[in-house]
S.K.: 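Please find one structure pasted underneath; my questions will follow.
Proteins get letters first, then strands, A, B, ... in listed order; numbering begins at 1 in each.
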Number of protein chains: 2
Amino acid sequence: MSTTGSSLMGEWRQLLARHARVSEALERELERHHRLSVTEFEALRHLAESDDNGCRLQQLVDDVHMSQSALSRLIGRLADEGLVERRSCAEDRRGIFAVITDEGRRRLAEATPTHEAVLERTLR
Amino acid sequence: MSTTGSSLMGEWRQLLARHARVSEALERELERHHRLSVTEFEALRHLAESDDNGCRLQQLVDDVHMSQSALSRLIGRLADEGLVERRSCAEDRRGIFAVITDEGRRRLAEATPTHEAVLERTLR
DNA sequence: GCACTATACATGCATGCGCATACAATGCCA
DNA sequence: TGGCATTGTATGCGCATGCATGTATAGTGC
């Protein structure tokens, strides 16, 4: 009785429920097995997909759904763990490239099957 | 190029993007115009829909997507603002009923058009 | 070259969250 | 009835977040 189905409200509730179900499971499993949060995983994946020069933080903000400050600290944490390197940009010295390291690729590769398994299990 | 579309991964990314788009807009507008967070609005709405005896916190946890501790504090904030009353339960004195107040119904009624307008604008 | 504005990232601060735990009330079983 | 696990809620704590702001660099008009 809580899902009207056709109304906007019902659709939004379904989206909320689905998002909560999947992201809670992802958070739990990724944290338990790989010590990664969902946002950390997402950032690593985007970095792995970008070319080898890495990615301007500016650009990552658009991909990962997160404030600029949150992203800055996220990259900081990943850098502290050695999963990412910060490289300052020669052409525009305000800019910072985040580049995934080999260790970062390794951790991402380890975590990806877990991620997929959770999606398989919870998304439908 | 970031949305594969058919894969689980693509579907999950779409869900993330949609959720972020809607909830960021909701958060902003509800906060700006009615000083309510999205979770506060959701809780009020659930309480308004439940019968007049209110709702056990325990039960609300299942409806709102939130930990028990977060809900306890959320109800605390709403109670501080006079939008909700805590009533202890006679049959089981561990239990707490949260009951929406008239003021709570008023605030909810004020905020609902904003909520609907944002859904209309961002959900599709 | 000099002021002024805009952009990119970092950081202080307040807040909400989840986890673990504390506490109170209940149920159960000997 | 007495002990013990269970359930419902509150709270201490650490952490990630967003907002506002700070700092450095870039661009632009004069």
Side-chain angles (χ1 to χ4, degrees), chain A residues 16 19-21 23-32 35-44 47 53-81 84-99, chain B residues 16 19-21 23-32 35-44 47 53-81 84-99:
Chain A
L16 276 179
H19 177 269
R21 181 160 43 87
S23 63
E24 279 163 21
L26 272 181
E27 203 76 60
R28 198 166 40 238
E29 305 269 315
L30 286 179
E31 184 60 44
R32 168 184 299 279
R35 286 177 313 155
L36 287 174
S37 72
V38 172
T39 50
E40 285 164 354
F41 180 90
E42 292 292 329
L44 280 182
L47 288 176
N53 292 330
C55 192
R56 288 284 282 268
L57 296 198
Q58 178 65 9
Q59 184 188 336
L60 259 184
V61 168
D62 299 332
D63 298 336
V64 183
H65 306 290
M66 200 168 208
S67 74
Q68 179 268 321
S69 72
L71 178 66
S72 175
R73 287 183 240 253
L74 175 58
I75 296 298
R77 291 195 299 276
L78 292 177
D80 287 345
E81 282 197 80
V84 148
E85 269 183 27
R86 278 183 161 110
R87 292 192 192 150
S88 65
C89 170
E91 306 102 47
D92 183 346
R93 288 168 53 193
R94 296 168 299 180
I96 299 281
F97 283 105
V99 187
Chain B
L16 276 179
H19 177 269
R21 181 160 43 88
S23 64
E24 279 164 21
L26 272 181
E27 202 75 59
R28 199 166 39 240
E29 306 268 316
L30 287 179
E31 184 59 45
R32 169 184 298 281
R35 287 177 311 154
L36 285 174
S37 72
V38 173
T39 50
E40 285 164 355
F41 180 90
E42 292 291 329
L44 280 182
L47 289 176
N53 292 329
C55 192
R56 287 285 282 268
L57 296 198
Q58 178 64 9
Q59 184 188 335
L60 259 184
V61 168
D62 298 333
D63 299 335
V64 183
H65 306 290
M66 203 168 206
S67 74
Q68 178 269 321
S69 73
L71 178 66
S72 174
R73 287 183 239 253
L74 175 57
I75 296 298
R77 291 196 299 276
L78 292 176
D80 288 345
E81 282 197 81
V84 149
E85 269 182 27
R86 277 184 162 111
R87 291 191 194 152
S88 64
C89 171
E91 305 103 45
D92 181 346
R93 288 167 53 195
R94 296 167 298 182
I96 299 282
F97 283 105
V99 189

S.K.: Do B/Glu27 side-chain atoms and B/Val38 backbone N/O form a donor-acceptor pair below 3.5 Å?
M.R.: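 It does hold such a pair.
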S.K.: Can you tell me how far the OG1 atom of A/Thr39 sits from the CG atom of B/Leu16, to the nearest 0.5 Å?
M.R.: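 Answer for the OG1-CG pair, A/Thr39 versus B/Leu16, is 10.5 Å.
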S.K.: To the nearest Å, how far apart are A/Leu26 CG and C/dG18 P?
M.R.: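 One finds 16 Å between P of C/dG18 and CG of A/Leu26, rounded.
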S.K.: Hey, what do you get for NE2 (B/His65) to NE2 (A/His19), rounding to the nearest 0.5 Å?
M.R.: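 Those atoms lie 10.5 Å apart.
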S.K.: How many Å lie between CZ on A/Arg93 and P on C/dA10, as a whole number?
M.R.: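 It is 15 Å, rounded to the nearest whole Å.
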S.K.: Check the distance between D/dT17's C1' and B/Arg28's CZ and give it to me in whole angstrom.
M.R.: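 Rounded to the whole Å, the gap is 16 Å.
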S.K.: Is there a residue in residues 59-70 of chain B whose heavy atoms reach under 4.0 Å of DNA chain D, and which residues are they?
M.R.: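 B/Gln68, B/Ser69, in order of number.
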S.K.: Looking only at side-chain atoms of A/Asp92, point me to the closest of C/dA25, D/dA26, C/dC9.
M.R.: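 The listed nucleotide nearest to A/Asp92's side chain is D/dA26.
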S.K.: Within the structure shown, what part of the strands sits under 4.0 Å from A/Glu91 by heavy-atom distance: base, sugar-phosphate, or nothing?
M.R.: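 Sugar-phosphate: the residue A/Glu91, judged by heavy atoms under 4.0 Å, touches backbone atoms but no base.
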S.K.: For DNA chain D, find the residues of residues 71-81 of chain A with a heavy-atom distance under 4.0 Å and give them by number; none if there aren't any.
M.R.: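 Within this stretch, A/Arg73, A/Arg77 sit under 4.0 Å of the strand.
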S.K.: Using the test salt bridge (Lys or Arg N to Asp or Glu O under 4.0 Å), find all partners of A/Glu24 that sit at least two apart in sequence or belong to another chain.
M.R.: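 Not a single residue meets the salt bridge (Lys or Arg N to Asp or Glu O under 4.0 Å) criterion with A/Glu24.
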S.K.: Please evaluate the base of D/dT9 for a donor-acceptor partner in the side chain of B/Arg94 within a cut-off of under 3.5 Å?
M.R.: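 Not at all, since no donor on one side and acceptor on the other fall under 3.5 Å apart.
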S.K.: Just call it for B/Ser37: base, sugar-phosphate, or nothing, with non-hydrogen atoms closer than 4.0 Å on any strand.
M.R.: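 Touches nothing.
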S.K.: Classify A/Arg86 by what it touches in the nucleic acid, base, sugar-phosphate, or nothing, heavy-atom distance under 4.0 Å.
M.R.: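 The answer is sugar-phosphate, as A/Arg86 gets under 4.0 Å only of primed atoms, P, OP1 or OP2.
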S.K.: If you count every heavy atom of other residues, nucleotides or ligands that lies below 6.0 Å from B/Arg86 atom CZ, does the total exceed 12?
M.R.: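 Yes.
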S.K.: Starting at CZ of A/Arg87 and ending at P of C/dC9, how long is that distance when rounded to a whole Å?
M.R.: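 In whole Å, C/dC9 P lies 15 Å from A/Arg87 CZ.
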S.K.: Between B/Glu42 (CD) and C/dG16 (C1'), how many Å, whole number?
M.R.: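 Going from CD in B/Glu42 over to C1' in C/dG16 covers 16 Å.
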